[in-house]
Number of protein chains: 2
Amino acid sequence: MVTQESNVFQAIADPTRRAILDRLRGGGQAVNEIAGRFDVSRPAISKHLRVLHEARLVTEERDGRNRIYRLNPEPLRELDRWLDDYRRFWTLNLLNLKKHVESKGKKP
Amino acid sequence: MVTQESNVFQAIADPTRRAILDRLRGGGQAVNEIAGRFDVSRPAISKHLRVLHEARLVTEERDGRNRIYRLNPEPLRELDRWLDDYRRFWTLNLLNLKKHVESKGKKP
DNA sequence: CTCTTGCGTAACCATTGAGTTACCTATTGT
DNA sequence: ACAATAGGTAACTCAATGGTTACGCAAGAG
């Protein structure tokens with residue numbers, strides 16, 4: 001089932017969250033490690049991590065008093081599938097689009 | 001140059017806007033045609049179209065008193081490029097991630 | 001046991017965003 | 001010229017979002 005994980009789109013809409021995912025490509029990190037790189041407060045990062053976690057884009061694992069967040073790229077496949085419907089358009093390099101213009105703009 | 005077209009992420013974050021893009025895959029349409037399919041008002045659609053237009057995801061062409069909006073998938077390539085950095089992660093099916101865990105969680 | 005550290009959460013504030021209704025302009029048809 | 005139609009824009013409301021500070025709690029460290 002798919003539930004409502006379509007909030008992936010929402011999750012990646014924020015540049016800070018994209019930057020977090022970016023950093024996490026280098027491996028899992030604790031919250032303070034992540035927050036240290038941004039000029040926003042730790043609670044703000046914590047909230048971003050929650051959004052990412054709800055979108056299943058990160059996993060959370062407790063390690064003593066640390067919490068390690070790791071990238072989970074799987075939900076991005078949904079994005080990839082969504083893009084598929086549009087990919088054909090840019091591979092067909094817009095010629096059919098132009099054709100459509102002409103077929104519609106028929107001047108009498 | 002890239003200017004600040006990164007609002008593509010923002011533009012596709014809204015489900016209504018994604019639905020509009022979806023419909024536009026079938027060819028350009030006038031605003032009323034588009035708005036007719038949604039249960040939101042025409043001004044709302046108009047604003048969505050503006051956002052999409054600013055993200056260059058649609059083109060606007062005046063045809064008499066109509067305005068034809070057409071899909072322009074080109075900015076979605078930016079998304080595709082962004083995804084590229086993550087695609088390797090789901091093709092390398094998370095094994096390197098696991099490796100990273102182990103190399104970090106070295107217990108003495 | 002006590003102090004410190006890591007982090008989530010609550011409470012709050014400012015900004016943004018999506019939606020509405022009302023109005024105005026431009027173009028077409030009679 | 002005038003009525004009707006297409007659609008953008010202004011003004012406003014309300015909810016969601018991103019940020020903050022203050023606090024609380026669990027897990028080492030001494």
Side-chain angles (χ1 to χ4, degrees), chain A residues 4-24 27-70 104-108, chain B residues 4 6-24 27-70 101 104-108:
Chain A
Q4 32 74 271
E5 58 189 338
S6 289
N7 37 11
V8 172
F9 290 92
Q10 260 293 99
I12 65 164
D14 186 90
T16 302
R17 284 195 291 267
R18 287 199 302 278
I20 291 176
L21 293 178
D22 234 57
R23 300 216 72 234
L24 257 31
Q29 292 195 347
V31 176
N32 273 335
E33 288 181 281
I34 300 171
R37 303 302 184 121
F38 297 93
D39 56 350
V40 294
S41 68
R42 185 190 47 73
I45 297 294
S46 209
K47 288 211 247 173
H48 281 307
L49 286 170
R50 184 134 78 112
V51 173
L52 291 171
H53 188 241
E54 278 165 1
R56 296 182 39 251
L57 282 165
V58 299
T59 63
E60 175 187 316
E61 184 207 343
R62 310 205 41 163
D63 174 30
R65 57 185 163 184
N66 294 320
R67 264 183 171 89
I68 310 298
Y69 285 91
R70 289 198 180 74
K104 275 226 155 186
K106 48 190 164 214
K107 25 197 75 146
Chain B
Q4 34 71 273
S6 290
N7 37 12
V8 171
F9 290 90
Q10 259 293 99
I12 64 163
D14 185 271
T16 302
R17 284 196 291 267
R18 287 200 301 277
I20 291 176
L21 292 179
D22 233 58
R23 299 216 70 234
L24 258 31
Q29 292 195 346
V31 176
N32 274 334
E33 288 182 282
I34 300 170
R37 303 303 184 119
F38 297 94
D39 55 350
V40 294
S41 67
R42 186 190 45 73
I45 297 294
S46 208
K47 288 210 246 173
H48 281 308
L49 286 170
R50 184 134 79 113
V51 173
L52 291 171
H53 189 240
E54 279 166 359
R56 295 181 41 250
L57 282 166
V58 300
T59 62
E60 175 186 316
E61 185 206 342
R62 309 206 40 163
D63 175 30
R65 58 184 161 183
N66 294 321
R67 266 183 169 91
I68 309 298
Y69 284 91
R70 289 199 182 71
V101 173
K104 274 227 155 185
K106 47 191 164 215
K107 24 196 78 145

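Proteins get letters first, then strands, A, B, ... in listed order; numbering begins at 1 in each.
- Note: A/Glu33 CD to A/Leu24 CG = 9.5 Å, rounded to the nearest 0.5 Å.
- Along DNA chain D, the nucleotide nearest to A/Thr16 and the one nearest to A/Arg62 differ in position, and the one closer to the 5' end is contacted by A/Thr16.
- Taking atom CG on B/Leu52 and atom P on C/dG17, their separation rounds to 14 Å, with Å as the unit.
- Taking atom CD of residue B/Gln29 and atom P of nucleotide D/dG7, one finds them 11 Å apart after rounding to whole Å.
- When the options A/Val58, A/Asp14, A/Leu49 are evaluated for a side-chain contact (heavy atoms from CB on, under 4.5 Å) with A/Ile20, the one that passes is A/Leu49.
- Side-chain nitrogen and oxygen atoms of A/Gln10 include none within less than 4.0 Å of the OP1 or OP2 phosphate oxygen of D/dA16.
- The residue among A/Gly64 and A/Ile45 whose nearest nucleotide of DNA chain D lies closer to the 5′ end is A/Ile45.
- Note that CG of B/Leu52 is 11.5 Å distant from OG1 of B/Thr59, once rounded to the nearest 0.5 Å.
- When atom types are taken as modelled, the side chain of B/Arg18 and the backbone of B/Ala13 share a donor-acceptor pair closer than 3.5 angstrom.
- Regarding A/Phe9, its CZ atom lies at a distance of 15 Å from the P atom of C/dA18, rounded to whole Å.
- Listed by chain and residue number, A/Val40, A/Ser41 satisfy the side chain to side chain contact (heavy atoms under 4.5 Å, CB included) test with A/Ala44 (two or more places apart in sequence, or in another chain).
- Rounding to the nearest 0.5 Å gives a distance of 11.0 Å between CZ of A/Arg17 and NZ of A/Lys47.
- Checking the phosphate oxygens (OP1, OP2) of C/dG17, no side-chain nitrogen or oxygen of B/His48 falls inside 4.0 Å.
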Could you go over nucleotides 2-9 of chain C and give all protein N or O partners under 3.5 Å, atom names and distances?
from  : atom 1 : to      : atom 2 : distance (Å)
C/dT5 : O2     : A/Arg65 : NH1    : 3.3
C/dG6 : O3'    : A/Arg65 : O      : 3.4
C/dG6 : O3'    : A/Asn66 : OD1    : 3.1
C/dC7 : OP1    : A/Val31 : N      : 3.3
C/dC7 : OP1    : A/Arg67 : N      : 3.1
C/dC7 : OP2    : A/Asn32 : N      : 2.8
C/dC7 : OP2    : A/Asn32 : ND2    : 3.0
C/dG8 : OP1    : A/Tyr69 : OH     : 2.7
C/dG8 : OP2    : A/Ser46 : OG     : 2.4
C/dG8 : N7     : A/Arg42 : NH1    : 2.9
C/dG8 : O6     : A/Arg42 : NH2    : 3.0

